[in-house]
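Hydrogens, waters and symmetry mates are skipped; everything else that's a heavy atom, side chains included, is used. It should be emphasised that the depicted structure is a prediction, and the values quoted were computed from it without experimental measurement.
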Amino acid sequence: MGGVTSSMAAKLAFFPPKPPFYKVVSEKSSGLLLLDRFPHRENVDVLRLPTGRGNKIVAVYVRYPMATRTLLYSHGNAADIGQMYDLFIDLSIHLKLNLIGYDYSGYGRSSGKPSEQNTYADIEAAYKCLEETYNTKQEDIILYGQSVGSGPTVYLAARLPRLRAVVLHSPILSGLRVMYPVKHTYWFDIYKNIDKIQFVKCPVLVIHGTSDEVVDCSHGKQLWELCQEKYEPLWIKGGKHCNLELFPEYIKHLKKFISAIEKPPSSRNSIKSVDQSTTSRRKSTDCFEGPRKSTSKKEALDFINELEPFALKLEMNDDKVGKPRIPYEHMERSRRSVEYIEKPRSSTDIKKPEWPRMSVDCIDRIQN
């Protein structure tokens with residue numbers, strides 16, 4: 001049964017672009033890796049990183065002069081780093097940060113197949129690369145997760161107690177909750193952010209569009225409620241799932257957040273954290289749920305049977321869901337970003353998990 005549900009999860013969760021939006025080529029004279037459809041930039045490194053699950057993922061590292069912080073970006077499920085490349089450059093410039101973005105296993109030119117466990121290994125590989133190749137300290141890293149990318153982001157953030165900050169962009173409560181308003185965590189669910197976010201100790205910024213047609217805005221609001229250290233959230237009025245970067249308040253609010261987290265940890269609570277009265281008001285309107293109990297496998301069997309027709313319907317409409325409806329040149333900045341993962345870290349900085357890791361992720365590919 002586990003194989004059936006994990007296969008269903010992969011069908012519902014991952015839609016790597018076909019064909020990939022880029023190729024990796026090696027420059028003959030220097031041996032440098034390049035993305036073939038983009039001009040070479042001196043401040044951009046193209047990398048192939050080994051993961052703890054035996055795959056090799058492609059990543060890009062963008063340097064910003066004199067930057068002290070680095071953004072580790074995990075993109076949505078229907079993009080690759082070729083589509084995200086220009087956005088990576090823009091974010092690095094506007095936020096004055098270094099940035100590393102990666103493709104999940106089975107995405108772009110990364111080897112392997114996409115799965116929840118592989119994405120965890122992928123982000124660990126990217127993090128390890130920052131530490132070992134670029135000498136980046138944990139407290140100088142900001143994790144950024146978009147849509148499905150919120151899964152590996154929250155997973156890693158819960159294990160790194162000294163992170164600078166986390167940004168969750170159109171995040172999901174869990175894979176299953178994208179499709180069904182379930183009140184409990186099922187054993188076959190994936191990316192159980194709703195249960196893990198409480199373990200993230202650094203400031204968290206949540207960004208979500210109020211007109212998101214793929215992941216309802218209530219996902220972002222409830223995750224924000226559950227954060228230990230809340231930062232003023234950004235609910236973009238009229239924003240959908242794939243176009244938040246086009247709104248002026250998106251980059252403006254990110255700049256404010258980056259500036260705020262430069263303050264020492266002792267003063268973070270007074271940065272833009274939301275007081276208890278605001279929190280209590282939001283609980284009444286955002287359908288805040290109490291602690292969740294995982295359901296038994298026996299209880300979940302009937303629910304799996306309900307899911308199977310949905311998965312079959314989704315498979316039959318794969319062309320409609322899995323491929324962008326609009327040409328790339330018209331997507332402008334609504335691209336999703338990418339990050340890569342490496343072998344599971346044995347570092348003492350990463351705390352071992354206290355929860356099961358099975359789950360089901362959401363559909364990130366839509367039309368604007």
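Checked by atom type, the side-chain pair Gln83/Tyr22 shows no donor-acceptor distance below 3.5 Å.
When atom types are taken as modelled, the side chain of Arg69 and the backbone of Ile142 share no donor-acceptor pair closer than 3.5 angstrom. Between the side chain of Ser150 and the backbone N or O of Gly145, no donor-acceptor pair lies under 3.5 Å. Ser147 places no side-chain N or O within donor-acceptor distance of the main-chain N or O of Gly149, the cut-off being under 3.5 Å. Panel note: side chain Asp212, backbone Val215; a donor-acceptor pair is recorded below 3.5 Å. Of the possible polar contacts, none joining the Asp45 side chain to the Tyr61 backbone as a donor-acceptor pair under 3.5 Å is found. In terms of modelled atom types and a separation under 3.5 Å, the side chain of Asn193 and the main chain of Val154 share no donor-acceptor contact. No donor-acceptor pair under 3.5 Å is formed between the side chain of Arg48 and the backbone N or O of Val58. Under a 3.5 Å cut-off, the side chain of Glu139 and the backbone N or O of Arg162 do not form any donor-acceptor pair. At distances below 3.5 Å, at least one donor-acceptor pair connects side-chain atoms of His253 with backbone N or O atoms of Glu232. The backbone N or O of Gly238 lies less than 3.5 Å from a partner atom in the side chain of Thr210, making a donor-acceptor pair.
Atom OG of Ser174 and atom NZ of Lys192 lie 8.5 Å apart (nearest 0.5 Å). Taking NZ of Lys137 as the start and CD of Glu131 as the end, the distance is 11.5 Å to the nearest 0.5 Å. Considering CD of Glu245 and NE2 of His169, their distance stands at 4.5 Å, rounded to 0.5 Å. Once rounded to the nearest 0.5 Å, the distance linking CD1 of Ile100 with CG of Leu130 reads 4.5 Å. Between the CD1 atom of Ile81 and the CZ atom of Phe21 there is a distance of 12.0 Å, given to the nearest 0.5 Å. With rounding to the nearest 0.5 angstrom, the NE2 atom of His208 is 9.5 Å from the NZ atom of Lys221.
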Practice item. Verify side chain to side chain donor-acceptor pair (under 3.5 Å) between Glu262 and Ser259, making sure each step is shown before the conclusion. Key: CA-CA 6 Å; Glu262 290 302 314; Ser259 176; over 6 Å; no
Exercise for review: Please lay out, stage by stage, how Arg63 and Asn98 fare under the test side chain to side chain donor-acceptor pair (under 3.5 Å).
Suggested key: CA-CA 5 Å; Arg63 295 182 183 82; Asn98 303 317; over 6 Å; no
**Study point:** Ser110 vs Asp103, side chain to side chain donor-acceptor pair (under 3.5 Å): CA-CA, chis, key distance, verdict
**Key:** CA-CA 6 Å; Ser110 296; Asp103 265 335; 4.9 Å; no
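Looking at Gln117, Glu116, Glu124 one by one, the single match for side chain to side chain donor-acceptor pair (under 3.5 Å) with Tyr120 turns out to be Glu116.
Using bins of under 30°, 30° to 60° and over 60° for the plane-to-plane angle, the ring pair Tyr104/Tyr107 lands in the perpendicular bin.
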